[in-house]
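In what follows, chains carry the letters A, B, and so on, assigned in the order in which the sequence lines appear, proteins first and then strands, with residues in each chain numbered from 1. Since the structure is predicted, the reported quantities are computational estimates derived from the model, not experimental observations.
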Amino acid sequence: MTQPNVNKKQNNNKVVNKSIHSNKGKFELKKKPTQQPNNDKINNIKTPMEIPKEIILQKESLPVFSAKDALLKNFKEHPTVIIISETGTGKTTQIPQYLYENGYKDKGIIAITQPRRVAAVSISKRVSQEMGYELGEEVGYCVRFDDKTNEKTKLKYMTDGMLVREAMLDSSLSKYSVIILDEAHERTLNTDVLFGLLKSIQKRREKKHPISGVYNPLKIIIMSATLDAELFSQYFNNAPVLYIEGRQFPVHIYYTEETQKDYVDAALITVLQIHIAHLTDKSIDKEEQEDGGDILVFLTGRDEIENLEKLLLDRIPRLPKGAKDLIVCPIFSALPQEQQMKVFEKAPKGSRKVILATNIAETSLTINGIRYVVDSGAVKSKIFNPKIGIDSLNIIPISKASAKQRTGRAGREFEGKCYRLYTQNTFEKLDSSSIPEIKRSNIANVILQLKTIGINDILGFDFLESPPVASVMKSLELLYCLEAISEDGSLTELGKKMALFPLDPMYSKTLIKSIEFECSEEVLIIISILSVESIFFTPKEKKKEVEDVKKIFFSPEGDHITFLNVFREFQKSKSQQQQWCFDHFINLKSMVKVVNVFEQLIKYCFSLKLPIVSCGSDFDRVKKSFIGGFFLNTAILQPDKKYKTMVDNKEIQIHPTSFLFEQKPQHILYNELTITTKAFARNIIPIEGSWLAEICPKYYGTRPQQQQKSTPNQTSIDSFTN
DNA sequence: GAGCACTGC
């Protein structure tokens with residue numbers, strides 16, 4: 001076994017005591033003496049249920065508690081406050097309670113946004129317990145498919161996307177007195193939209209209402225983990241920045257001495273070295289030796305994870321005498337739930353887990369017992385190219401912020417070690433933070449939402465950081481093509497309807513078109529399936545079996561009708577759904593989500609009085625509906641069996657996972673085009689060329705064939721990127 | 001004949 005050249009470096013992370021300081025010098029808070037629980041105070045809290053003393057003691061031992069007075073003082077004096085804090089300060093659970101206890105609930109609801117559903121749900125549960133209320137009463141949550149709030153709810157944990165949706169119904173968000181944007185450093189698409197919205201709403205609500213004379217100001221609190229403080233503060237008119245130090249155990253960081261050509265191989269060696277280190281290195285302390293501590297490896301995708309899994313399983317039987325058992329647990333989003341659960345099971349005594357994860361383990365889920373992190377330094381990222389209007393999926397270096405986040409996963413319960421599979425010099429050159437989503441995504445949907453809220457001038461909108469102009473222009477163009485906006489950029493009646501659906505504009509257009517073609521039931525089902533990640537899961541070793549099973553559902557009418565068959569069969573399986581999914585390599589969790597989306601879309605249709613009608617087996621109607629939304633995504637077969645797009649004559653191929661990969665129909669419509677090694681079209685419908693002019697005379701009024709002037713010697717990728 | 005990271009409404 002070769003030795004990776006690792007360089008020991010002391011990390012800056014320290015276990016820090018509770019303290020708070022301001023970078024603006026607006027106030028100074030001296031470190032308080034250790035807090036003794038104040039019994040008078042305990043007796044004064046009025047809640048319907050008895051709060052156990054342990055909870056009160058626990059709350060008061062959190063780092064954020066010593067900052068309480070300073071926080072409240074700042075909330076009182078400033079319309080916006082930025083709070084910078086590491087994990088483990090208790091800010092997300094405690095600060096809303098401080099606001100609640102200090103009068104802010106009397107002026108309106110206190111909202112706390114989260115980027116993820118699970119976080120909103122679990123944190124609100126915790127807070128309702130701490131306050132002695134039933135969940136869904138004073139404290140509740142609101143996420144898609146699940147609203148646990150009532151008229152009494154004053155502390156409302158919600159996803160950022162949910163709050164954007166509420167702004168579409170009430171553009172002043174007038175029922176909220178305080179809005180806290182938590183995890184702001186993640187810069188999700190929706191959080192970035194909220195920055196702009198809240199800033200303008202706050203300004204509007206500074207003044208008394210011109211008619212009613214009501215004064216209803218909005219307080220904004222931004223909570224972030226990394227040091228984007230200056231950016232946030234400047235944007236919010238020099239809002240004060242407060243720092244709360246967290247409680248992390250120290251993590252020692254090691255870098256490689258040389259750049260690693262193959263980080264999967266480097267990860268293999270590093271994992272094995274960590275695992276057997278105690279056999280040779282007597283300096284490893286007793287605690288570390290005894291409880292072992294699990295290893296978490298960050299890779300970029302399923303392929304790498306399965307490769308490393310295989311390599312490890314090959315090596316494990318040949319571990320030296322005295323080595324413990326090593327249990328390999330892969331985890332990535334597409335892995336079925338049952339198999340995901342394996343990473344949370346405690347390793348049996350005398351053995352150790354090694355978890356091979358994607359970015360899912362960076363923020364989305366927390367695994368206990370990690371002492372070692374192995375960081376590849378890479379991540380897979382989707383980037384929208386506005387010039388050509390297509391996504392590509394690339395492996396790119398992570399940012400410093402991301403590296404720090406990964407490292408921190410080793411210091412949650414005890415002192416840890418982080419092995420970065422890159423040099424310190426490489427680390428120094430990384431970007432300080434990742435490119436925010438709004439700068440690298442297709443924002444057609446965001447623009448439709450903003451226009452619904454009443455923001456017409458998108459290029460002039462006060463974003464924290466603006467999306468690329470080309471991206472805005474591309475989206476406006478698309479919305480105009482779909483007839484969601486008119487020539488002057490204002491929302492059409494159709495556009496207003498489209499915005500109501502929680503779907504991308506091309507899908508909502510398809511859905512509305514399906515009313516006209518009397519096949520809304522089928523289109524609703526298909527769209528629901530397309531809006532979840534793949535419903536099939538193919539275990540690596542069962543490829544052939546899966547191919548055979550998939551044939552049961554196959555329809556020559558295309559992927560969409562094939563999906564429809566899957567759904568119909570799933571419905572028939574009724575009480576044996578779990579077994580049926582298992583037998584047919586279908587991901588049950590995905591199917592449950594499909595059903596949820598389907599039911600939600602039906603509700604929206606009812607509210608708009610759109611009839612749900614089935615077309616029986618007349619699937620041409622379904623295909624024509626999709627042309628209504630996806631007429632820009634069509635291609636024609638070439639003599640060389642590849643395709644050229646009809647709109648701009650670029651070479652593309654049907655993705656091999658498509659059911660039509662071998663059929664090669666003359667004209668196709670696709671839902672997605674992704675560039676990886678080639679430009680691949682996914683989710684394919686065979687269509688008749690003549691339908692295009694029939695359904696979209698504006699674009700295909702002239703014969704489609706005329707647009708197909710072939711340009712010889714064009715290679716697929718080049719023609720897209722040039 | 002290729003492999004889709006993650007999240008949200």
Side-chain angles (χ1 to χ4, degrees), chain A residues 113-120 142-147 158-169 183 186-194 298-307 331-335 357-365 376 378-383 391-396 398 402 434 436-438 440-441 445-446 448-449 452 498-505 507-508 527-528 531-534 536-538 540 543 547 590 593 596-597 600-601 603-604 641-642 653-658 660-662 664 672-683:
Chain A
T113 70
Q114 293 293 322
R116 283 166 294 278
R117 295 162 47 90
V118 272
C142 182
V143 298
R144 187 180 186 184
F145 311 129
D146 199 2
D147 180 359
M158 62 204 300
T159 44
D160 47 13
M162 214 63 203
L163 191 58
V164 173
R165 253 178 194 265
E166 284 195 16
M168 290 166 65
L169 303 172
E183 312 282 9
E186 286 192 30
R187 300 291 303 279
T188 67
L189 205 50
N190 285 319
T191 300
D192 264 25
V193 169
L194 287 172
F298 282 102
L299 296 167
T300 69
R302 179 176 171 181
D303 248 22
E304 286 175 10
I305 287 173
E306 288 179 343
N307 282 343
I331 185 158
F332 45 92
S333 170
L335 192 74
T358 59
N359 245 15
I360 194 170
E362 197 178 298
T363 47
S364 306
L365 49 90
S376 64
V379 67
K380 208 175 274 191
S381 174
K382 202 174 196 174
I383 296 167
D391 286 318
S392 59
L393 201 60
N394 307 329
I395 293 175
I396 58 166
I398 58 171
S402 192
S434 315
E437 247 185 303
I438 198 155
R440 56 179 173 86
S441 308
N445 201 20
V446 169
L448 193 61
Q449 286 177 329
T452 306
M498 284 166 61
L500 265 177
F501 289 96
L503 296 170
D504 268 343
Y507 289 102
S508 44
I527 288 178
S528 304
S531 68
V532 309
E533 58 286 12
S534 175
F536 289 102
F537 180 78
T538 310
K540 214 183 177 186
K543 251 157 82 178
E547 291 305 312
S590 300
K593 195 174 167 200
N596 279 331
V597 174
Q600 188 187 34
L601 293 179
K603 269 189 211 157
Y604 280 114
K641 298 288 167 200
K642 289 177 181 161
Q653 268 175 247
I654 296 183
H655 196 275
T657 51
S658 168
L660 289 184
F661 180 69
E662 282 162 12
K664 306 272 189 280
E672 255 186 80
L673 194 60
T674 319
I675 301 182
T676 49
T677 54
K678 296 190 184 85
F680 286 110
R682 310 171 75 96
N683 300 329

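Residue A:Lys641 contributes atom NZ, which lies 13 Å from atom P of B:dG1 at whole-angstrom precision. For the pair A:Leu169 CG and B:dC9 C1', the computed distance is 12 Å after rounding to whole Å. One interatomic measurement links the two molecules: CD of A:Gln114 to P of B:dC6, which rounds to 20 Å at whole-angstrom precision. The nearest whole Å value for the distance from the CG atom in A:Asn190 to the C1' atom in B:dT7 is 9 Å. The nearest whole Å value for the distance from the CD1 atom in A:Ile305 to the P atom in B:dG3 is 17 Å. As rounded to whole Å, 10 Å separates atom C1' of B:dA5 from atom CD1 of A:Ile360. Here the P atom of nucleotide B:dA5 and the NZ atom of A:Lys382 are 11 Å apart, to the nearest Å. With rounding to whole Å, A:Arg440 atom CZ is found 13 Å from B:dC6 atom P.
Donor-acceptor pairing under 3.5 Å, judged by distance alone, is absent between the side chain of A:Glu533 and the base of B:dC6. No donor-acceptor contact under 3.5 Å links the side chain of A:Arg302 to the base of B:dC4. No N or O donor and acceptor, one from the side chain of A:Lys380 and one from the base of B:dG3, sit under 3.5 Å apart.
Two residues, A:Arg165 and A:Arg682, neighbour DNA chain B, and the one matched to the more 5' nucleotide by heavy-atom proximity is A:Arg682. Mapping A:Leu503 and A:Ser333 onto DNA chain B by nearest heavy atom places A:Ser333 closer to the 5' end of the strand.
Every residue meeting the side-chain contact (heavy atoms from CB on, under 4.5 Å) condition with A:Met162, not counting sequence neighbours, appears here in chain and number order: A:Cys142, A:Met158, A:Thr159. In this structure, the side-chain contact (heavy atoms from CB on, under 4.5 Å) partners of A:Ser534, at least two apart in sequence or on a different chain, are A:Phe536.
Residue A:Thr358 has a polar side-chain atom (N or O) positioned under 4.0 Å from OP1 or OP2 of B:dC6. Proximity of A:Thr677 to the phosphate of B:dG3: a side-chain N or O atom is located under 4.0 Å from OP1 or OP2.
A:Phe145 comes within contact range of no nucleotide atom at all, as no heavy-atom separation falls under 4.0 Å. At the heavy-atom level, A:Phe680 lies under 4.0 Å from the strands shown only through sugar-phosphate atoms. Across all strands shown, A:Thr159 has heavy atoms under 4.0 Å from sugar-phosphate atoms exclusively, and none from any base. Among the atoms of the strands shown, base atoms are found under 4.0 Å from some heavy atom of A:Lys543. Counting non-hydrogen atoms under 4.0 angstrom, A:Arg116 reaches the backbone sugars and phosphates but no base. A:Ser364 comes within contact range of the sugar-phosphate backbone alone, with a heavy-atom separation under 4.0 Å but no base atom that close. Nucleic acid contact for A:Glu183: none, since no nucleic acid atom lies under 4.0 Å from a heavy atom of the residue.
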Test A:Asn190 against A:Thr113 for side chain to side chain contact (heavy atoms under 4.5 Å, CB included), laying out the working first. CA-CA 10 Å; A:Asn190 285 319; A:Thr113 70; over 6 Å; no
What's the verdict on side chain to side chain contact (heavy atoms under 4.5 Å, CB included) for A:Arg116 and A:Thr363, showing C-alpha distance, side-chain angles and the deciding distance? CA-CA 9 Å; A:Arg116 283 166 294 278; A:Thr363 47; 3.8 Å; yes
Using the rule given for side chain to side chain contact (heavy atoms under 4.5 Å, CB included), can you reason through A:Phe332 versus A:Ile360, listing the C-alpha separation, both sets of side-chain angles and the distance that settles it, and then say yes or no? CA-CA 6 Å; A:Phe332 45 92; A:Ile360 194 170; 5.5 Å; no
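Minimum atom distance to the side chain of A:Val143 is reached by B:dC9, of the listed B:dC9, B:dC4, B:dC6. Side-chain proximity of A:Lys678 to B:dG1, B:dT7, B:dA2: nearest is B:dA2. Closest contact between the side chain of A:Arg117 and the listed nucleotides B:dA2, B:dC9, B:dC4 involves B:dC9.
A donor atom on one side chain and an acceptor atom on the other are not found under 3.5 Å apart for A:Glu186 and A:Thr191.
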